[in-house]
Amino acid sequence: MLKARQKAFENQEKFESDLTLAWHIEAFARQKKLPKLEKLIKDSRKPKTKSISKSDMILKAMAAEKGVIIK
């Protein structure tokens, strides 16, 4: 049963990935002027900065008071 659920989840993830790809292809097709491919690739390789929201900081502080360390 667990393998069946996992396979269904993987199929759903693949479908959503393909759907997203198709959406982006169409979005690019509708643009009058495409950005340079080099710029798109360069932007995609930039490291993502992980911003911590105020609520996350509060939860971490509350957890720290209880002795729980959250990374």
Side-chain angles (χ1 to χ4, degrees):
M1 186 68 153
L2 183 59
K3 284 194 175 229
R5 282 189 203 158
Q6 184 178 6
K7 186 65 175 170
F9 179 76
E10 288 173 5
N11 288 342
Q12 182 66 30
E13 288 286 316
K14 172 108 174 71
F15 175 75
E16 289 176 7
S17 177
D18 291 345
L19 189 61
T20 302
L21 177 63
W23 187 92
H24 281 93
I25 289 170
E26 184 59 28
F28 278 127
R30 291 178 183 215
Q31 286 187 342
K32 294 183 190 255
K33 182 179 177 187
L34 286 175
K36 292 189 178 235
L37 181 60
E38 291 83 19
K39 183 183 181 319
L40 291 174
I41 292 172
K42 181 179 159 190
D43 289 347
S44 72
R45 291 183 179 167
K46 285 183 182 175
K48 308 288 187 255
T49 57
K50 192 173 185 181
S51 62
I52 299 174
S53 67
K54 188 176 181 180
S55 60
D56 285 343
M57 290 175 30
I58 292 170
L59 287 173
K60 283 185 179 182
M62 290 170 60
E65 287 178 3
K66 299 288 183 181
V68 178
I69 298 172
I70 300 174
K71 293 183 181 181

**OP:** Indicate yes or no: does E10 engage K14 in a salt bridge with an N to O separation below 4.0 Å.
**Re:** no
Original post:
Heavy atoms, side chains only, cut-off 4.5 Å: are F28 and L40 in contact?
Top reply: yes
**OP:** Supply the atom-to-atom distance K54 NZ to L59 CG, rounded to the nearest 0.5 angstrom.
**Re:** 12.5 Å
Original post:
Atom OG of S53 and atom CD1 of I58: how far apart are they, to the nearest 0.5 Å?
Top reply: 8.5 Å
Original post:
Side-chain contact, heavy-atom cut-off 4.5 Å: R5 with M1?
Top reply: yes
Original post:
Is there a side-chain contact between Q6 and L2, using heavy atoms and a 4.5 Å cut-off?
Top reply: no
Original post:
Under 3.5 Å, side chain of S17 to main-chain N/O of E13, donor-acceptor pair present?
Top reply: no
Subject >> Min side-chain heavy-atom separation K60-M57 under 4.5 Å >> reply: no
